Amino acid sequence: DVQLQASGGGLAQAGGSLRLSCAASGFTFDDYAIGWFRQRPGKQHEGVSCISSSGGTTYYADSVKGRSTISSDNAKNTVYLQMDSLRPEDTAVYYCATEHSVDYSGRYYCSAPHAMDYWGKGTLVTVSS
């Protein structure tokens, strides 16, 4: 079974950093795209950063570009999202999600959260000003 387990959320001050982890099981990144999505209070899910299968292409939303880095460790089957220079508007529940697909770019997957096949439970990030 495909499973995703996100962790690493917590309380941070503005300007601080957090590293989110998504431990994956039941599949490999060779033929699955994976990404980080967030849901801010009262908002819909939005793609934060996504990576296509085999680490082909990465995408960052404008809101986090230059402040975040997505990476994967194939040996651990884990994807990370390093978030720096945190802002209060980064406060959200962060989810990792995956889709069994090799056809599209990281940008596509982040733009289509409804198309992601599997979602993990979220991890809450709260950034205080």
Side-chain angles (χ1 to χ4, degrees):
D1 290 350
V2 171
Q3 293 188 357
L4 301 167
Q5 181 65 52
S7 62
L11 178 63
Q13 290 190 333
S17 298
L18 284 173
R19 189 176 80 155
L20 306 183
S21 299
C22 177
S25 61
F27 68 101
T28 69
F29 302 142
D30 289 344
D31 52 1
Y32 279 74
I34 192 163
W36 287 96
F37 299 80
R38 68 185 180 188
Q39 187 171 27
R40 291 184 276 192
K43 303 289 187 180
Q44 293 185 341
H45 286 95
E46 61 175 314
V48 176
S49 182
C50 297
I51 187 167
S52 62
S53 63
S54 300
T57 63
T58 56
Y59 168 81
Y60 297 93
D62 287 343
S63 56
V64 302
K65 194 177 296 181
R67 303 188 293 120
S68 298
T69 304
I70 190 170
S71 61
S72 61
D73 184 333
N74 290 347
K76 295 183 178 179
N77 226 33
T78 299
V79 173
Y80 304 96
L81 183 68
Q82 176 69 39
M83 301 174 63
D84 301 315
S85 302
L86 285 165
R87 303 169 180 170
E89 54 264 39
D90 292 322
T91 295
V93 179
Y94 285 73
Y95 301 86
C96 56
T98 189
E99 181 181 350
H100 187 190
S101 170
V102 299
D103 296 326
Y104 303 108
S105 66
R107 182 186 186 97
Y108 167 80
Y109 298 110
C110 263
S111 69
H114 58 279
M116 304 305 276
D117 297 324
Y118 303 95
W119 291 75
K121 292 183 180 180
T123 184
L124 176 63
V125 170
T126 303
V127 183
S128 63
S129 56

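Since the structure is predicted, the reported quantities are computational estimates derived from the model, not experimental observations. Computed over heavy atoms, backbone and side chain alike; hydrogens, waters and symmetry mates excluded. Nothing fancy with the numbering, it's 1 onward along the sequence.
- Applying the salt bridge (Lys or Arg N to Asp or Glu O under 4.0 Å) test to every pair with at least one member in residues 10-31, sequence neighbours left out, gives no pairs at all.
- Residue pairs meeting the disulfide bond (SG atoms under 2.5 Å apart) criterion with at least one partner in residues 58-94, sequence neighbours excluded, do not occur; the list is empty.
- Every residue two or more places apart in sequence or in another chain that forms a salt bridge (charged side-chain N to carboxylate O under 4.0 Å, His left out) with Lys65 is listed here: Asp62.
- Grouped with Tyr109 in one hydrophobic cluster are Phe37, Val93, Tyr95, Tyr104, Tyr108, Met116, Trp119, Leu124, the linkage being side-chain heavy-atom contacts under 4.5 Å among Ile, Leu, Val, Met, Phe, Trp and Tyr residues.
- One distance of note links CG of Asn74 with OG of Ser72; it measures 5.0 Å at 0.5 Å rounding.
- Counting only residues at least two apart or on different chains, no salt bridge (Lys or Arg N to Asp or Glu O under 4.0 Å) pair has a member in residues 103-122.
- Listed by first and then second residue, the side-chain hydrogen bond (donor to acceptor under 3.5 Å, both in side chains) pairs that reach into residues 2-16 come to none, sequence neighbours excluded.
- Partners of Ser52 according to the side chain to side chain donor-acceptor pair (under 3.5 Å) rule, which considers only residues two or more places apart in sequence or in another chain, are Thr57.
- If you chain together ILVMFWY residues whose side-chain heavy atoms come under 4.5 Å of each other, Val125 ends up grouped with Val2, Leu4, Leu18, Leu20, Phe27, Phe29, Tyr32, Ile34, Trp36, Val48, Ile51, Tyr60, Val64, Ile70, Val79, Leu81, Met83, Leu86, Tyr94, Tyr118, Val127.
- Taking all atoms of both residues into account, the shortest heavy-atom contact from Gly47 to Ala61 is O-CB, 3.4 Å.
- Counting only residues at least two apart or in different chains, side-chain hydrogen bond (donor to acceptor under 3.5 Å, both in side chains) contacts with residues 80-92 comprise Ser17-Asp84, Arg38-Asp90, Arg67-Asp90, Gln82-Asp84.
- The list of disulfide bond (SG atoms under 2.5 Å apart) pairs with a residue in residues 26-71, not counting sequence neighbours, reads Cys50-Cys110.
- Ser53 places no side-chain N or O within 3.5 Å of a backbone atom of Ala33 that could act as its donor or acceptor partner.
- The closest donor-acceptor contact from the side chain of Asn77 to the backbone of Ala24 lies under 3.5 Å.
- Looking at Ser101, its side chain never comes within 3.5 Å of a backbone N or O of Glu99 through a donor-acceptor pair.
- Listed by first and then second residue, the disulfide bond (SG atoms under 2.5 Å apart) pairs that reach into residues 70-106 are Cys22-Cys96, sequence neighbours excluded.
- With sequence neighbours excluded, the residues satisfying salt bridge (charged side-chain N to carboxylate O under 4.0 Å, His left out) with Arg40 are Glu46.
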